[in-house]
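The structure appears below as structure tokens.
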Amino acid sequence: MGSQEVLGQAARLASSGLFLQVLFRLITFVLNAFILRFLSKEIVGVVNVRVPLGVFWSLFLGWIWLQLLEVPDPNVVPHYATGVVLFGLSAVVELLGEPFWVLAQAHMFVKLKVIAESLSVILKSVLTAFLVLWLPHWGLYIFSLAQLFYTTVLVLCYVIYFTKLLGSPESTKLQTLPVSRITDLLPNITRNGAFINWKEAKLTWSFFKQSFLKQILTEGERYVMTFLNVLNFGDQGVYDIVNNLGSLVARLIFQPIEESFYIFFAKVLERGKDATLQKQEDVAVAAAVLESLLKLALLAGLTITVFGFAYSQLALDIYGGTMLSSGSGPVLLRSYCLYVLLLAINGVTECFTFAAMSKEEVDRYNFVMLALSSSFLVLSYLLTRWCGSVGFILANCFNMGIRITQSLCFIHCYYRRSPHRPLAGLHLSPVLLGTFALSGGVTAVSEVFLCCEQGWPARLAHIAVGAFCLGATLGTAFLTETKLIHFLRTQLGVPRCTDKMT
């Protein structure tokens, strides 16, 4: 398969299901905003901060949540112990569907992935809203049952699809699939009599260690909150809501791009091999794609950072009322907007780095991640003691900056002896940078005079100012970043009638 064909598949994986994903996310966004009107900050903090950590440790350390940690007041958060058990059970159910998810992701089954995940999330939100309205006294039963229902629906979608696909006459045409029946996904003995392929097991172990350390770096603040009690349950709830709201764009846009183009880079480039020793056409295509993705991530992140500062309080007031828009909520979301910029760049740089690294380089990187994980946890604790929940976001920014630096160094060394310079994607024209600065200043002044205690007419005027500045910024980007616009048109904007249920 040529690099251009792989690029086309990766582009379809990132863009074909985007409309459905945006639609489904908007539905769940509205449902979650509705649910927040009927919950206390304390129960949100327990459900979204503490209990999901019980999922992560469900097979080994789930008893910690019941025996060693502080148990919430039953009058405020009822049925805590049962909720932890049900969340752990949902983790086991989700693991059963992991082979199907990997198969769908590796072979770019776009619509299956989008529909399965979106349908399960919507049904979970609907069930949660129904139980909150009609059975509010159930407490954690509501969220644990909804989570178990979500994982069950998700796994069933994958199982039903692959069962029908592998049992149909069309399956004989899909020679690229590594399985011919569902039982092939279960543990089995290979033809040479070995139960484990040790070469693949060693690579899997390297990525497991990397994933474990990334889990600490990504969710580390939750561990600090849970084990060290630096925030009360109410503050944990506000932080988690702001965290989820701030990361909405990252999960909606950046994550699909990162996952899709990781597959592209892994298929086009030979892992662990110098760029000068590979097929130069593939190396050139990979460099051009990486440059465009870096430019796209930088522009999207800057847009969120610049406009997020002036519209954080308004967004929180619309989403969750005064519970979120008063107190630390607006400051948290403004800080998170800066973090989103770093998150966008890191997603692109790491998806290339992990696709091109050899096993030995992955192992060396794991040692760096280990040191970074330890320093991140210590920094999170110290900054939170100093400046409250904002300290978690500042620690995340520090962590993300170090990871970006590591990936940029790898990319620079990778292309050092080639004529390609993909890191040029991190350079913006002075005109565009000036437009961003002007838009940030205008919207900040607009917030002072029009938001958010002046009533809805002033709020609408504030929104209109932001829309005008956003339009001017996007127009400037369209005129100055012609190379990126060409990439988006040719790879993401061309209708493709060859899409299958992939």
Next on the checklist: Between Glu291 and Lys483, does the salt bridge (Lys or Arg N to Asp or Glu O under 4.0 Å) criterion hold? Intermediate values first, please.
Outcome noted: CA-CA 10 Å; Glu291 180 180 349; Lys483 192 173 181 179; 3.3 Å; yes
Between [X] and [Y], is the ring centre distance below 6.0 Å?
X: Tyr311; Y: His462; value: yes
X: Phe352; Y: Tyr414; value: yes
X: Tyr158; Y: Tyr161; value: no

Taking [X] for its side chain and [Y] for its backbone only, find out whether a donor-acceptor pair lies under 3.5 Å.
X: Asn346; Y: Leu342; value: no
X: Arg271; Y: Phe354; value: yes
X: Ser407; Y: Ile404; value: no
X: Thr305; Y: Gly301; value: yes
X: Thr482; Y: Phe478; value: no
X: Gln280; Y: Ala275; value: yes
X: Glu447; Y: Ala444; value: no

Can you measure from [atom1] ([X]) to [atom2] ([Y]) and round to the nearest 0.5 angstrom?
X: Leu112; Y: Leu103; atom1: CG; atom2: CG; result: 9.5 Å
X: Arg403; Y: Thr353; atom1: CZ; atom2: OG1; result: 11.0 Å
X: Cys351; Y: Phe261; atom1: SG; atom2: CZ; result: 8.5 Å
X: Arg334; Y: Phe309; atom1: CZ; atom2: CZ; result: 8.5 Å
X: Ser418; Y: Leu277; atom1: OG; atom2: CG; result: 11.5 Å
X: Ile393; Y: Cys387; atom1: CD1; atom2: SG; result: 9.5 Å

Check [X] against [Y] and note the closest heavy-atom contact, atom names and distance.
X: Val242; Y: Gly329; value: CG2-O, 4.1 Å
X: Leu314; Y: Cys451; value: CB-SG, 3.9 Å
X: Ala286; Y: Phe264; value: CA-CE2, 4.2 Å

Next on the checklist: Checking side-chain polar atoms at under 3.5 Å, does Glu117 have a donor or acceptor matched by the opposite partner on Trp101?
Outcome noted: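 There is such a pair (donor and acceptor under 3.5 Å, judged by atom type) between the side chains of Glu117 and Trp101.
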Item to check | Between Thr473 and Ser439: side-chain donor-acceptor atoms closer than 3.5 Å | outcome: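 Their side chains do contain a donor-acceptor pair, which is all the 3.5 Å distance test asks for.
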Next on the checklist: Please evaluate residues Ser389 and Leu332 with respect to the criterion side chain to side chain contact (heavy atoms under 4.5 Å, CB included), reporting the C-alpha separation (whole Å), side-chain torsions for both, the decisive distance (0.1 Å), and the verdict.
Outcome noted: CA-CA 7 Å; Ser389 52; Leu332 280 172; 3.4 Å; yes
With a 4.5 Å heavy-atom cut-off, do [X] and [Y] have their side chains touching?
X: Cys413; Y: Arg416; result: yes
X: Val348; Y: Glu258; result: no
X: Arg489; Y: Ile485; result: yes

Next on the checklist: Show, in sequence, the C-alpha distance, side-chain angles and deciding distance for Val121 and Tyr150, and conclude whether the side chain to side chain contact (heavy atoms under 4.5 Å, CB included) test is met.
Outcome noted: CA-CA 6 Å; Val121 168; Tyr150 159 78; 3.6 Å; yes
Checklist entry - Going through the distances and angles, do Phe487 and Lys295 end up as a side chain to side chain contact (heavy atoms under 4.5 Å, CB included)? => result CA-CA 11 Å; Phe487 172 79; Lys295 185 82 70 175; over 6 Å; no
Next on the checklist: What verdict does the side chain to side chain contact (heavy atoms under 4.5 Å, CB included) test give for Leu296 and Leu488, after you've listed the backbone C-alpha separation in whole Å, the side-chain angles of each residue and the deciding distance to 0.1 Å?
Outcome noted: CA-CA 9 Å; Leu296 179 62; Leu488 295 176; 4.3 Å; yes
Please tabulate, for side-chain N and O atoms in residues 424-434, each donor-acceptor pair with protein atoms closer than 3.5 Å (sequence neighbours left out).
from, atom 1, to, atom 2, distance (Å)
Ser429, OG, Leu432, N, 3.2

